[in-house]
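Worksheet: one structure, shown below.
When a residue number appears, it is its place in the shown sequence, counting from 1. Since the structure is predicted, the reported quantities are computational estimates derived from the model, not experimental observations.
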Amino acid sequence: MSKIAMTTPLVEMDGDEMTRILWKMIKDELLTPFIDLKTEYYDLGLKYRDETDDQVTVDAANAIMKYKVGVKCATITPNPARVTEYGLKKMWKSPNGTLRAMLDGTVFRCPIVVKGIEPCVRNWKKPITIARHAYGDVYKNTEIRVPGKGKAKLVFEAEDGTVTEKTIFDFESAGIIQGIYNIDPSIESFARSCFQYALDLKQDLWFATKDTISKTYDRDFKEIFERVYADEFKEKFEKAGITYFYTLIDDAVARIMKCEGGIVWACKNYDGDVFSDMLSSAFGSLAMMTSVLVSPKGYYEYEAAHGTVQKHYYKYLKGEETSTNSVATIFAWTGALRKRGELDNLPELSAFADKLEKATLDTIESGTMTGDLTRITTLPNPKKVNSLEFIQAIRANLEKML
């Protein structure tokens with residue numbers, strides 16, 4: 001069969017460790033045999049980010065603004081141990097944080113549901129989508145290590161020269177200070193994206209902050225959501241028969257354990273980071289979660305919602321067999337290809353993405369799966385296969401469909 005043609009490239013962002021190995025396997029086995037794959041390639045592996053002083057991440061973000069759609073492999077955000085391990089110039093910030101700050105928008109994450117993998121929370125009957133704000137907060141913070149006694153102040157100098165100043169704390173000992181920020185336009189975009197996404201799914205929207213404690217920062221989020229809802233979405237929600245519900249973040253965490261799912265849960269940046277991992281694990285596996293950054297300017301960036309699978313990579317380097325789950329990375333590619341097909345009016349490309357996803361789920365439901373899933377499946381006598389064998393099994397099912 002002839003390969004499916006593409007007209008506009010995807011922005012391809014390679015990553016680190018075991019997911020980088022899977023990235024190549026997926027391209028070699030599941031994509032390039034069937035698609036005339038066009039990508040603009042950026043190496044976001046930690047070594048190359050260090051060599052370019054992280055300019056490659058900025059270049060990748062600019063490319064997404066140009067081509068509208070990107071697909072990203074998992075990457076390392078270095079800690080002090082990684083600085084030593086890789087001999088880095090400095091402890092670079094999260095590449096995801098850089099991309100999200102430049103692209104703005106909202107990250108939507110949803111578990112990949114498959115027969116035989118049941119949620120740990122027994123009353124969750126439907127998927128729960130996390131909508132995570134993708135701008136500011138701790139991911140673009142400024143931090144200071146305080147050496148000893150002194151006064152910490154929060155100071156804002158307005159353009160007209162007006163100065164607003166508050167004391168943060170009078171230090172009597174060594175300590176730490178963290179400054180975070182956000183901007184109203186980004187929060188408004190976040191709100192609109194969440195309301196529209198919930199409308200598209202015809203699902204209730206929850207939003208939660210801690211405005212009882214953070215009476216300015218978190219309350220700004222709450223008030224902007226309320227205003228956008230009242231001005232733009234209240235009538236649409238009522239017509240669709242869905243609701244908008246606000247509560248405190250600790251109350252939302254308690255409530256989410258008792259609901260049946262089928263909702264969109266909007267979270268601030270850090271909250272969304274934490275709770276998306278909780279949901280993905282509770283629904284089955286960290287490798288069974290879709291993730292897409294949707295920008296109000298029409299940019300889309302698809303990625304796996306998990307890390308680089310460091311332990312498996314060390315085994316791989318030793319020549320040992322690995323059984324690493326590649327589903328989330330496959331679905332990052334299918335999401336990007338489907339969106340590219342929609343934007344370029346290439347239905348055959350979007351249809352291929354649908355078939356590849358079905359082939360992936362069919363492989364698991366037939367009993368062939370990676371080690372993480374064999375430990376939690378309810379299917380009888382699952383067959384554990386290694387990383388490459390799993391991808392090759394998916395290819396066999398895909399070829400039958402094509």
From CA spacing to verdict: side chain to side chain donor-acceptor pair (under 3.5 Å), Glu301, Tyr299 = CA-CA 7 Å; Glu301 186 236 324; Tyr299 314 138; over 6 Å; no
Decide yes or no on side chain to side chain donor-acceptor pair (under 3.5 Å) for Glu342 and Ser350, but give the supporting numbers first.
-> CA-CA 7 Å; Glu342 291 173 4; Ser350 298; 5.2 Å; no
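Evaluation of the salt bridge (Lys or Arg N to Asp or Glu O under 4.0 Å) test over residues 372-385, restricted to residues two or more places apart or in two chains, returns none.
For an aromatic pair to be called close, the ring centres must be under 6.0 Å apart, and Tyr302 with Trp333 fails this. No close placement of the Phe245 and Phe207 rings is indicated, their centers lying 6.0 Å or farther apart. Between Phe195 and Phe237, the distance separating the two ring centers is shorter than 6.0 angstrom. Ring-centre distance between Phe225 and Tyr246: not below the 6.0 Å cut-off.
A donor-acceptor pair under 3.5 Å links the side-chain atoms of Tyr217 to the main chain of Tyr181, judged by distance alone. Judged by distance alone, the side chain of Thr377 and the main-chain N or O of Leu373 form no donor-acceptor pair under 3.5 Å. Side chain of Glu238 to backbone of Glu235: no donor-acceptor contact under 3.5 angstrom is found. With hydrogens and angles disregarded, no donor-acceptor distance shorter than 3.5 Å links the side chain of Arg49 to the backbone of Asp54. Between the side chain of Ser387 and the backbone N or O of Thr322 there is at least one donor-acceptor pair closer than 3.5 Å.
The side-chain contact (heavy atoms from CB on, under 4.5 Å) test with Met369 is passed by exactly one of Val327, Ile376, Leu379, Thr363: Leu379.
A cation-pi arrangement is absent between Lys151 and Phe169, since the terminal nitrogen or guanidinium carbon is not both under 6.0 Å from the aromatic centre and inside a 45° cone about the axis. In this structure, Arg100 fails the cation-pi test against Phe190, since its NZ or CZ atom is not both closer than 6.0 Å to the six-membered ring centre and inside 45 degrees of the ring normal.
A side-chain donor from one of Ser186 and Asp104 sits under 3.5 Å from a side-chain acceptor of the other. Of the N and O atoms on the side chains of Thr8 and Asp344, at least one donor lies less than 3.5 Å from an acceptor on the other residue. In this model, no donor atom of one side chain and acceptor atom of the other lie less than 3.5 Å apart for Gln55 and Asp53.
Closest non-hydrogen pair, Lys93 versus Asn141, comes out as NZ-O, 2.8 Å.
Relative ring orientation between Phe108 and Tyr197 is described as parallel, the plane-to-plane angle staying below 30° on a 0-90° scale split at 30° and 60°.
Between Glu321 and Lys315 there is no salt bridge, since no side-chain N of the basic residue sits under 4.0 Å from a carboxylate O of the acidic one.
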